[in-house]
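First comes the structure, then the notes that go with it.
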Amino acid sequence: MARRAFITGVTGQDGSYLTELLLEKGYEVHGLVRRASTLNRSRIDHITSPELHLHYGDLTDGVSLVNLIRTIEPHEVYNLGAQSHVKVSFEMPEYTASTDAVGALRLLEAIRASGLDCRYYQASTSEMFGATPPPQAENTAFYPRSPYGAAKLYGHWVTVNYRESYDLFAVSGILFNHESPRRGESFVTRKVTLGVAKIKLGVADQLHLGNLEAVRDWGYAKEYVEGMWRMLQHDEPGDYVLATGQGRTVRQFVETAFSHAGLNWEDHVVYDKQYERPAEVDALIGDASKAQEVLGWTATTGPDDLARLMVDADLEQMSRLLRA
């Protein structure tokens, strides 16, 4: 009998890659989608497997989660759904808390109340470290600098609490920035690579960006979902950092992306104060030694290769659109 997985955030970047991975491994995959007047399923539209089932529900609606857990009876639950944009979390702090913090609690409580013997994955984030200097590992002190980071920290600790209080197999993946051609266009890496494609093809001439000095550890999302799956296959539940261990400034990512397309970034990038956060996180660089030792997981795509990979994908996509 096929193993059943339930994924919140199934239509997002990570959800789409995880869905592909689990289907390849023979899973029956159930995904949570929010009801909206227009469908936003572009990242999973290409998946035609009859083993993918979509269900309406919301992390802000505990009743829908209880009903779905009882109906699906999953063996594994991956909580990837979130309001995941840091800047937006300052503008929508209450919604961010309800989705990212209390949403995790609602899902954990639905699992506990159902009495199911299933394994739970919580999508934690390097933003929980915030102002704590790198390198950051599982035992590094947390110091979030945004409503998003604070909400995710609640989700992280409540996962630990349910593991210790109710003996649930619950893990937290503390993932550092992970990107791909499926990344949302408002996130800085995708904004940069899409901007490069538009400038290269003559559609635009400028790219407006905020802080260029922030340091991040950028990896490839497709590799990171493999790490999520490995966490739930291990004998004992625990928390794991996934990262490349390589730090780059936004400026360095920009320079790599523009030079890959044969452009000089200084001719096109314009500083725009509106993209600055009220409180900045200066540097996030992860230490994924535990994941390597315990799970055998290592990031193989570094930030420079990632920038080039994303530029190539956006050039191809933009060229297709212009030909249409």
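Side-chain atoms are counted along with the backbone in the values below, which use heavy atoms only and exclude waters and symmetry mates. Just so we're clear, the structure is a prediction, and the values are computed from it rather than from any experiment.
Asp14 approaches Ala221 most closely through the heavy-atom pair OD1-CB, 3.9 Å. In terms of heavy-atom proximity, Tyr27 sits nearest to Ala5 at CD2-CB, 3.9 Å. Considering all non-hydrogen atoms of both residues, Met310 and Pro181 come closest at CG-N, 4.1 Å. Summarising the geometry of Asp314 relative to Leu194, their closest heavy-atom pair is OD2-N, 3.3 Å, with the distance given to 0.1 Å. The two residues Tyr240 and Met231 come nearest to each other via the heavy atoms CD1-CG, 3.6 Å. The minimum heavy-atom distance linking Leu108 with Leu168 is given by the pair CD2-CD1, 4.2 Å.
With hydrogens and angles ignored, the 3.5 Å screen pairs no side-chain donor or acceptor of Asp217 with any backbone N or O of Leu284. Judged by distance alone, with hydrogens and angles left aside, the side-chain atoms of Thr249 form a donor-acceptor pair with the main-chain N or O of Gln252 at under 3.5 Å. Within the 3.5 Å criterion, the main-chain N or O of Leu295 finds a donor-acceptor partner in the side chain of Arg230.
A donor-acceptor contact closer than 3.5 angstrom links the side chains of Arg182 and Ser16. Side-chain N/O atoms of His75 and Glu28 include no donor and acceptor closer than 3.5 Å. Side-chain atoms of Asn211 and Glu276 include no donor-acceptor pair closer than 3.5 Å. Looking at Thr301 and Glu223, their side chains do bring a donor and an acceptor atom within 3.5 Å of each other. No side-chain donor-acceptor contact under 3.5 Å links Ser172 and Gln122. Side chains of Asp100 and Gln83: a donor-acceptor N/O pair is absent below 3.5 angstrom, by distance only. Side-chain contact annotation: Gln274 with Asp272, donor-acceptor N/O pair under 3.5 Å present.
Classification of Arg323 and Glu316 as a salt-bridged pair fails, no side-chain N sitting under 4.0 Å from a carboxylate O. A salt bridge is defined here as a Lys NZ or Arg NE, NH1 or NH2 lying under 4.0 Å from an Asp or Glu carboxylate O, and Arg248 with Asp304 meets this definition. A salt bridge between Glu127 and Arg277 is present, with a side-chain N of the basic residue lying under 4.0 Å from a carboxylate O of the acidic one.
Heavy atoms of other residues, nucleotides or ligands lying less than 6.0 angstrom from CG of Asn264 number more than 12. The environment of Glu236 atom CD is sparse: at most 12 non-hydrogen atoms of other residues, nucleotides or ligands sit within 6.0 angstrom. The number of heavy-atom neighbours closer than 6.0 Å to CG of Asp45, taken from other residues, nucleotides and ligands shown, is above 12. Annotation: Tyr56, atom OH; neighbour count of heavy atoms from other residues, nucleotides and ligands within 6.0 Å is above 12. Residue Gln233 places its CD atom among more than 12 non-hydrogen atoms of other residues, nucleotides or ligands, all under 6.0 Å distant.
Ring to ring, Trp229 and Tyr121 are not that close: their centroids are 6.0 angstrom or more apart. The distance between the ring centers of His85 and Phe187 falls below 6.0 angstrom.
Neither Ile7 nor Leu68 shares a network with the other; the hydrophobic side chains, linked directly or stepwise wherever heavy atoms of I, L, V, M, F, W or Y lie under 4.5 Å apart, form separate groups for each. Hydrophobic clustering keeps Tyr154 apart from Val171 (ILVMFWY residues linked when any side-chain heavy atoms are closer than 4.5 Å, directly or through intermediates).
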Requested in this report: Take Asp58 and Arg106, measure what salt bridge (charged side-chain N to carboxylate O under 4.0 Å, His left out) needs, and give me the verdict at the end.
Outcome: CA-CA 10 Å; Asp58 200 298; Arg106 293 183 186 109; over 6 Å; no
Requested in this report: Take Glu76 and Lys25, measure what salt bridge (charged side-chain N to carboxylate O under 4.0 Å, His left out) needs, and give me the verdict at the end.
Outcome: CA-CA 13 Å; Glu76 297 173 7; Lys25 293 182 179 296; over 6 Å; no
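Partners of Arg4 by salt bridge (charged side-chain N to carboxylate O under 4.0 Å, His left out), not counting sequence neighbours: none found.
Remark: Lys191 qualifies as a cation-pi partner of Tyr275 under the 6.0 Å distance and 45° angle criteria applied to the six-membered ring. The side-chain tip of Arg112 does not point at the ring of Tyr162 from less than 6.0 angstrom away and within 45° of straight on.
Between Trp157 and Phe142, the ring planes lie perpendicular to each other; the angle is over 60°, past the 30° to 60° tilted range.
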